[in-house]
Amino acid sequence: MMKTFCLTLLWAVVGFPTNSFAVDFVKDVAPILQKYCVSCHAEDDAQGGLAMDTHAGLMSGGESGLALTSGVASSSRMFLMASGKLEPVMPPDDMEGPSDDELVILADWIEEGAEGPDGEMPIRRELKTPKVPTAGDVALPVTAIARSDDGTWQATAKFGAITLNNLVSGESLEVTNKLGKV
Ligand code: HEC
């Protein structure tokens, strides 16, 4: 309580404390949002209509309008709620919220113009895998092999199909189920 009061006083007197570095949305801001906010404010489940898993979502605001005023942290609702100065306090229900240092980062970012990343949005975590074309036909993996007691027949199972090989005559027989596309 005392701490909040002192901080408020400090801000009232000297304005928001600032970092000496330029705040980077991707590096500095997104991890804070990810940690404390995105669990309830994502595009597929946006409490209060506010999604914070993309810069664009955050900038377009929620059910009550804009969530932040770029350039002015003290009139940005998302900042005021996150710092306990505006109801409902975010995150709600006494959940752990951003630390004082993290609040300074958020404030600085807003003060510096709330710039987003160039190009693609980084918060959404997608595993990017390169598309590697397969060379020729793909062989399905063998999932089981069994042999008859006398060693004559061998059964090889793959998805949806079993191949019977006669190891003596070289004869081969394929059994597929209805799902099998071999
Ligand atoms: C446990 C879920 C939860 C978390 C975590 C959470 N919020 Fe919220 N938030 C809500 C709910 C629910 C509402 C709607 C409250 C209402 O309308 O009374 C809301 C509403 C808001 C709104 C108002 C949106 C509008 O336009 O009405 C803002 C701004 C906001 N939250 C910011 C944040 C920030 C910033 C964080 C992270 C520091 C955060 N929230 C974390 C649940 C959460």
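Just so you know, ligand 1 is whichever comes first in the structure, and atom 1 is the first atom listed for that ligand. Note: hydrogens, waters and symmetry copies are ignored here, and every other heavy atom, side chains too, is used.
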Can you name the atoms of ligand 1, numbered from 1 with element, that are less than 4.0 Å from a heavy atom of [X]?
X   : result
G62 : 26 (O)
S64 : 25 (C), 26 (O), 27 (O)
M95 : 1 (C), 5 (C)

query: What about E63: any of its N or O atoms under 3.5 Å from an N or O on ligand 1?
result: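 N/O-N/O distance below 3.5 Å exists for this pair.
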message: Checking the N or O distance criterion of under 3.5 Å, is ligand 1 in contact with S39?
response: no
field: Connected via hydrophobic side-chain network under 4.5 Å: L66 and L58
entry: no
- prompt: Under 2.8 Å from atom 8 (Fe) of ligand 1, which protein atoms of type N, O or S occur, listed by chain and number?
  reply: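 Protein N/O/S atoms under 2.8 Å of atom 8 (Fe) of ligand 1: H41 NE2, M90 SD.
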Do [X] and [Y] come close enough that some side-chain heavy atom pair is under 4.5 Å?
X    : Y    : answer
K158 : T143 : no
T54  : E43  : yes
I145 : Q154 : yes
N166 : S172 : no
W153 : R147 : no

- prompt: Closest non-hydrogen protein atom to atom 5 (C) of ligand 1, residue and atom name please, with distance?
  reply: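 Answer, as residue, atom name and distance: Y36 O, 3.2 Å.
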With P141 via side-chain contact (heavy atoms from CB on, under 4.5 Å) - residues at least two apart: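 With neighbours one apart ignored, the set is empty.
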- prompt: Hey, is atom 26 (O) of ligand 1 touched by any protein heavy atom at less than 4.0 Å?
  reply: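 Yes, there is a protein heavy atom closer to it than 4.0 Å.
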task: May I ask you to decide if the ring planes of W109 and H55 are parallel, tilted or perpendicular, using 30° and 60° as cut-offs?
output: perpendicular
query: Between the main-chain N or O of I162 and the side-chain N or O of E174, is there a donor-acceptor pair closer than 3.5 Å?
result: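 Looks like no, no N/O pair under 3.5 Å.
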